[in-house]
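Accompanying notes for the structure given below.
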Amino acid sequence: MRRKLAAGNWKMNGTRAAFAEAKALIAAHPAPRCQILLCPPATLIAAMAEIAEGSPLLVGGQDCHADAAGAHTGDISAAMLAEAGAGFVILGHSERRADHAERDEDVRRKADAALAAGLVAIVCVGETEAERDAGSELDVVGRQLAGSVPDGATGADVVIAYEPVWAIGTGRTPTAEQIAAMHRFLRETLVARFGEDGHAFRLLYGGSVKPGNARSIFAIPDVDGALVGGASLKAEDFKPIVAALEDCADRE
Ligand code: PEP
């Protein structure tokens with residue numbers, strides 16, 4: 001049984017004023033039937049972890065460096081995230097792959113560092129619109145998955161987020177068939193590589209998940225939750241997404 005996960009990626013949004021949103025989320029879901037995670041900017045992680053203490057809200061980072069320490073101005077190690085109170089870290093988000101030229105091998109090294117620090121790594125994969133138009137989405141995502149997920153990964157410490165780049169922040173989503181086909185492919189690829197444990201990896205869908213489409217996305221086979229950007233910033237938007245995932249967890 002895979003625990004459902006509703007993960008919010010605040011990206012470079014939020015100051016301490018945004019803690020009101022985290023508090024509202026905790027108040028609305030005191031005993032959720034799925035995991036709820038917020039990944040705020042690094043500056044907010046420690047304080048958000050204090051707010052979340054004793055509640056079911058989980059806190060994560062949005063990136064980490066592959067090295068444990070050293071001359072890497074502006075970077076944060078996985079152990080630093082863990083010490084600040086993070087239990088998760090998003091890695092290989094398409095914005096980092098694009099803005100910081102992160103390659104699969106970089107993501108894999110970061111994931112290794114995250115696992116060594118005891119964090120759960122959410123490894124993001126996803127094709128661009130041109131790649132989907134060319135019919136190469138399975139090749140692209142298969143390559144990213146193979147290159148970004150470390151050999152030592154297990155379903156307990158790595159989550160895969162399928163995020164088509166063309167669906168992120170655009171209001172566009174793939175069809176249910178397109179999501180189902182990709183998640184089936186991810187599952188088969190993980191089982192081929194990790195054997196039976198391949199069934200234990202949680203597969204999140206990400207890309208313009210909103211209160212209005214969450215329920216239908218969560219009904220798709222092999223969708224174990226969502227990685228949510230814009231709609232995770234406001235509790236009023238994220239709460240119904242979490243509720244839809246809880247209903248889905250109830251039915252299993
Ligand atoms: C994301 O950035 O991971 C994301 C899915 O963003 P949005 O939900 O805003 O499309």
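Given the structure is predicted, the values throughout are model-derived calculations rather than measurements. Atoms within a ligand are numbered from 1 in the order they appear, just like the ligands themselves.
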Shortest non-hydrogen separation from Leu44 to Thr15 and the atoms involved: CD1-O, 3.7 Å

Glu127 versus Glu131, closest heavy-atom pair with distance: CA-OE1, 3.4 Å

Salt bridge flag under 4.0 Å for residues Arg172 and Glu129: yes

Separation of Leu138 CG from Met182 CE (nearest 0.5 Å): 5.0 Å

Atoms in ligand 1 flagged as close to [X], the criterion being non-hydrogen separation under 4.0 Å:
X	answer
Ala167	10 (O)
Gly207	5 (C), 10 (O)
Ile168	1 (C), 2 (O), 4 (C), 6 (O), 10 (O)

Between Phe218 and Tyr205, ring centroids under 6.0 Å: no

Any donor-acceptor N/O pair, Glu246 side chain to Arg33 backbone, under 3.5 Å: yes

Side-chain donor or acceptor of Glu102 paired with backbone N/O of Arg96 under 3.5 Å: no

At what distance is the nearest protein heavy atom to [atom], and which residue and atom is it?
atom	result
atom 3 (O) of ligand 1	Glu163 OE2, 2.7 Å
atom 4 (C) of ligand 1	Gly229 N, 3.5 Å
atom 1 (C) of ligand 1	His93 NE2, 3.2 Å
atom 9 (O) of ligand 1	Gly230 N, 2.9 Å

For ligand 1, the portion of Asn9 having any non-hydrogen atom under 4.0 Å away: side chain

Ala161, portion touching ligand 1 at heavy-atom distance under 4.0 Å: neither

The one among Gly169, Ser232, Ala231 that brings a heavy atom closest to atom 10 (O) of ligand 1: Gly169

Residue-ligand contact Lys11/ligand 1, heavy atom below 4.0 Å: yes

Verify same cluster id: Ile160, Leu58 (apolar side-chain graph, 4.5 Å): no

